[in-house]
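Here's the structure we're looking at; comments come further down.
Both backbone and side-chain heavy atoms feed into the values below; hydrogens, waters and symmetry mates do not. Every number for a ligand or one of its atoms is a count from 1 in the order of the listing.
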Amino acid sequence: MSVPFIDLKAQYARIQDDINAGIQGVLEHGKYIMGPEITELESQLAAFCGAKHAITCSNGTDALSLGLMAYDIGPGDAVFTTPFTFFATAEVIALAGATPVFVDIDPRTFNIDPVKLEEEVARIVTEGKLKPRGIIPVNLFGLAPDFDAIELVAKQYDLFVLEDTAQGFGGLYKGRISGSLGDVSSTSFFPAKPLGCYGDGGAVFTSNDELATKMRSIRVHGQGLDKYDNIRIGLNARMDTMQAAILMPKLAIFPEEIQLRQKVADSYTQALEGLVETPYVPDGYNSVWAQYSVLSDHREALQDALKEAGIPSVVYYRIPCHLSKAFEHLGYKEGDMPESEKASKRIFSLPMHPYVEGDFAEKVANVCRVALT
Ligand SMILES: *Cc1c(COP(=O)(O)O)cnc(C)c1O
């Protein structure tokens, strides 16, 4: 008997009537592209995170691209980000023709280190080859990075902040809600994310009217007055109406699910004390626990023992972006980002979703205890 890493069926069982009715509604009106559910979801999302504008889109990767394209990022531009993230965060920078500049993480939060960020921006300025334009901080595993410190660097060097909150949407940072922490924020509704749809989906958020208008245009082939008036190069990056219908009942229970995730995280932290290094959440922060990730020098033995017991675990991320083959041409080498590299060798994530059973953390702890003796 094996348990799921993320249990989407348990959630569906809970809200299937609403989801089925939503899908049925779309089938009946037949507006599959940009139907009324899209606008409805967008106002709900904006209200949820406190951003003035929410713009739904095709996925979390295109959401990042919409942000970068709104800032006209291109060749010769430097965009700073963490190497300890899903590849897409850095990929979109290169896709826009710009250069990703990696900044190592704070080993306690796994998020971009603002002190190193300032050093790296200053270095790029002194070097004089690239123009520093923006920062993409990532809310890794559901926890926001230190936005106050990041914003200070952004102000000092006139950089934009594009919050990649594919894993952290709905989390709290000093009373602010993730999704409204950047000049632009992007998220993903990939099914496994804390708020996911039943396919690909994403959204961008901003309180800047001009950027919002530009991103709405880029979302549909750079449209001007209408679809056949093209005023800039854009994308086909719309969300399907069906996914919007599916997301609304999920958003309705999302606040409660965040609390359930917190309970699961608390039970893990309590049960795993002394067995592995458990996650650190600074005061004034609330994670949405996209992943519950622990550190151990005995990762392989623990993962093997868990697997034997029918408990899946996953390594996020085995290869930090600066060492990925795709970025070979940037010239980074082993040792350049010591904290990210250390984490990538010791980290693994445990099953995490709102419907993990009450005694599950104890089961995991028992397996780990035996494996470590
Ligand atoms: C999932 C993810 C993305 C990409 O989202 P997709 O919807 O899969 O395109 C981007 N950044 C981070 C940090 C992610 O976890």
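For the pair Val92 and Phe87, the minimum side-chain heavy-atom distance is 4.5 Å or more. Taking the side chain as every heavy atom from C-beta outward, Phe205 and Cys49 approach each other to under 4.5 Å. In this structure, the side chains of His29 and Glu37 come closer than 4.5 Å at one or more pairs of heavy atoms. Looking at heavy atoms from C-beta onward, Leu295 lies out of side-chain contact with Val276 at the 4.5 angstrom threshold. Looking only at side-chain heavy atoms (C-beta outward), Leu195 and Leu251 come within less than 4.5 Å of each other.
Summary of contacts: the protein heavy atom closest to atom 9 (O) of ligand 1 is Thr61 OG1, 2.5 Å. At the top of the distance list for atom 3 (C) of ligand 1, counting protein heavy atoms only, stands Phe86 CD2, 3.6 Å. Of all protein heavy atoms, the one closest to atom 1 (C) of ligand 1 is Lys193 NZ, 1.6 Å.
Residue contacts with ligand 1, taken as heavy atom pairs separated by less than 4.0 Å, involve Thr85 solely via side-chain atoms from C-beta onward. Proximity of Asn59 to ligand 1, defined as any heavy-atom pair under 4.0 Å, is shared by backbone and side chain alike.
Residue Thr89 places a heavy atom less than 4.0 Å from ligand 1.
Numbered from 1 in the order shown, with element, the atoms of ligand 1 that lie under 4.0 Å from a heavy atom of Val138 read 13 (C). Within ligand 1, counting atoms from 1 as listed, the ones closer than 4.0 Å to a heavy atom of Ala166 are 2 (C), 3 (C), 10 (C), 11 (N), 12 (C), 14 (C), 15 (O). The contact set between ligand 1 and Ser188, taken as ligand atoms under 4.0 Å from a residue heavy atom, comprises 5 (O), 6 (P), 7 (O).
With hydrogens and angles left out, the side-chain atoms of Gln223 and Asp229 include no donor and acceptor closer than 3.5 Å.
For ligand 1, the polar-atom distance check against Gly60 finds a nitrogen or oxygen pair separated by under 3.5 Å. Between Asp164 and ligand 1, a contact under 3.5 Å exists for at least one N or O pair. Backbone and side-chain nitrogen or oxygen atoms of Tyr317 are examined, and none is located within less than 3.5 angstrom of a nitrogen or oxygen of ligand 1.
Contact check on Asp209 versus Lys214 returns no salt bridge, with no Lys/Arg side-chain nitrogen under 4.0 Å from an Asp/Glu carboxylate oxygen.
Checked by atom type and distance alone, the side chain of Thr241 pairs as donor or acceptor with a backbone atom of Gly35 at under 3.5 Å.
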